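Computed from a predicted model, the values in this text were never measured in an experiment. Atoms considered below: every heavy atom in the structure, side chains included; atoms not considered: hydrogens, waters and symmetry mates.
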Amino acid sequence: MCSVETTTDGTTTAGEHRRNTALGFTLLGTVQAMLIFTITALSVPLPRIGQELRLDSSGLLLVSAAYGLSFSGLLLFGGRLADRRGARRMFVAGLAVFAAASAAAPLATAFVPLVALRFAEGVGAALAAPAAMALLRALFPSPAAYRRAMATWGGLNVIGATAGLLLSGVVATWVSWRWMFTLPVAVAGAGLLLATRLLPADRPLRPATATAASLDIPGTVLATAGITLASYGLVATGEHPWSSVAVLVPLMAGVVLLAAFLAAERRLRDPLLPPGFLLRGHDGIHRTLALVAIMMSAAGTTLTFYLLVLYLQRIRDWSPLATSGAFVPYTLALLAAGRVVGPLIARFGARLVTAGGLATGAAGLLLFARLDTGTAYPTGLLPGMVLVPAGVALAFAGAGVLAVEGVPQRQTGLASGVMNTATELGPTIGLAALMSVAAAATGPSPANETATVNGYSWALATAGGALAVAAAVIAAVRTSPSIKETE
């Protein structure tokens, strides 16, 4: 149980318990947001990193993607470790790896050590993120309280990504990009100091969980290698055509390994990802819909960041600081949506809130699709800067509640690993597909800025249409009245 103050007779007061629960949630939520913050932390200063380290486009691609590749590739294994070895133990271990890599990364003076340390950051994050959600379940054992906590938890990923974008613009303007690692080190250090005081202790390990076989090492290797290679192939489409060796070889190898992983899991007694976890029963259907919503919301958010940064800096010639300032309303809308999402889920249910959030985000993306080379910020960009974050905040929160509905406590780490994997893969898959739409609209070498912006518009419109379709499907699917969506 959590470390709390006691009265003179050794009991804990209700007020003290609530306070320590709130502090534990704050610690876990801050760490989760920081793990996502680190994904976008180098987004704006990436060109300056390339100049300083003399990197070509392929080098910049690896610097940008290394953290996400290891993070997404190891999340399923991290979830299994949290369930089998203890959530607090793995949370501390992951934070220790993440903190050490983040502290060393600013000292890197060459390409190879920087990429290696970003990769190591992702390894630590893949251990810490599923463990954090498993600890959240232990902090809130009541199903109703856990749903309320998950409604808030779902929006933390978007807040973390947005904070990374905003701060990276400020840092790129005033100080070295190396300072972007300061906040991750500070948060990880605080987590290491406070974990044993604020977070529930692990239960003693059972003998049956102490064997290497229970961790499904072959499945882990196949899943990690498959996700990492396929993700790298998709990321490489930003620099190479789909038909190139740089894209096809890792992408096809990843697909083959993932197919082998799925086939192997069906024959194992205790698989890394139980085949029925996503599709079996009413909860499994809701869980699958939730993961689709998470992937598409993450993809829409990433596309918004990516294209609007390009548009403002390359087309409109805005500075990095001004570009970050343009996203301030985005952040305010996120925070405002986070304040109301809990009551909305309590009143309308997680499924309908998820569908409504997707529809709202779709409206914002379709407004962005009206971009031209002279779009005015107040009338052309600001409405989307409010609708997209409000929508994805609602969608993430509702989907987070749906994704853990009916999950037994012993599989909370697995559920978190699956959710975080969807969060990571959504932008990778979505950005590759949607930028291909943009390229098809403009051709391989856009003739002018108007053609480039036209490509952006097509990508944004496609993303908006996809979110609208997903919203309609999720709103229409009613599986079981036994699921207490309004609790």
Side-chain angles (χ1 to χ4, degrees), residues 24-25 27-39 67-99 120-140 146 149-150 153-154 156-157 160 187-188 191-192 195 199-203 205 209 214-217 219-220 223-224 227-228 270-274 277-278 287 290-291 294-295 298 396 399-405 407-426:
F25 177 81
L27 173 61
L28 292 173
T30 302
V31 168
Q32 176 66 19
M34 183 53 53
L35 298 179
I36 305 301
F37 167 95
T38 307
I39 297 174
Y67 176 79
L69 289 176
S70 55
F71 192 2
S72 61
L74 286 167
L75 275 167
L76 289 178
F77 185 56
R80 172 55 64 96
L81 284 175
D83 290 334
R84 297 305 178 89
R85 296 294 188 258
R88 195 173 77 177
R89 184 179 294 108
M90 299 317 303
F91 180 76
V92 170
L95 280 187
V97 174
F98 179 82
E121 279 186 309
V123 172
L127 297 177
M133 200 167 113
L135 287 166
L136 186 70
R137 180 70 174 270
L139 275 178
F140 298 95
Y146 182 52
M150 281 302 302
W153 189 267
L156 294 176
N157 290 341
V187 171
L192 290 171
L199 302 178
D202 297 324
R203 296 177 180 178
L205 292 177
T209 68
S214 68
L215 291 177
D216 184 13
I217 299 301
T220 297
T224 300
I227 292 173
T228 302
D270 191 17
L272 182 67
L273 179 63
F277 184 75
L278 296 180
R287 198 168 299 128
L291 295 177
I294 289 171
M295 291 182 70
F396 265 111
V401 174
L402 283 179
V404 299
E405 190 75 50
V407 175
Q409 188 162 356
R410 69 179 185 277
Q411 290 186 327
T412 306
L414 171 63
S416 175
V418 171
M419 281 179 58
N420 280 284
T421 300
T423 303
E424 292 294 308
L425 290 181

Side-chain contact test, heavy atoms from C-beta onward, threshold under 4.5 Å: evaluate it for [X] versus [Y] and give yes or no.
| X | Y | result |
| --- | --- | --- |
| Y146 | W153 | no |
| R80 | L414 | no |
| T30 | F37 | no |
| R287 | L402 | no |
| L76 | T220 | no |
| M133 | V404 | yes |
| T38 | F98 | yes |
| S72 | T228 | no |

Backbone N or O of [Y] within a donor-acceptor pair of the [X] side chain at under 3.5 Å?
| X | Y | result |
| --- | --- | --- |
| N420 | P130 | no |
| T421 | G417 | yes |
| R89 | D202 | no |

Kindly compute the distance separating [atom1] ([X]) from [atom2] ([Y]), expressed to the nearest 0.5 Å.
| X | Y | atom1 | atom2 | value |
| --- | --- | --- | --- | --- |
| Q32 | F25 | CD | CZ | 10.5 Å |
| I227 | S70 | CD1 | OG | 12.0 Å |
| L199 | L136 | CG | CG | 10.0 Å |
| F77 | M90 | CZ | CE | 7.5 Å |
| M419 | T412 | CE | OG1 | 11.5 Å |

(message) For a side chain to side chain contact (heavy atoms under 4.5 Å, CB included) check, start with the C-alpha distance between L139 and L28, then their side-chain angles and the critical distance, and finish with the verdict.
(response) CA-CA 10 Å; L139 275 178; L28 292 173; 3.7 Å; yes
(request) Could you please spell out the steps behind the side chain to side chain contact (heavy atoms under 4.5 Å, CB included) verdict for I36 and L156? (result) CA-CA 8 Å; I36 305 301; L156 294 176; over 6 Å; no
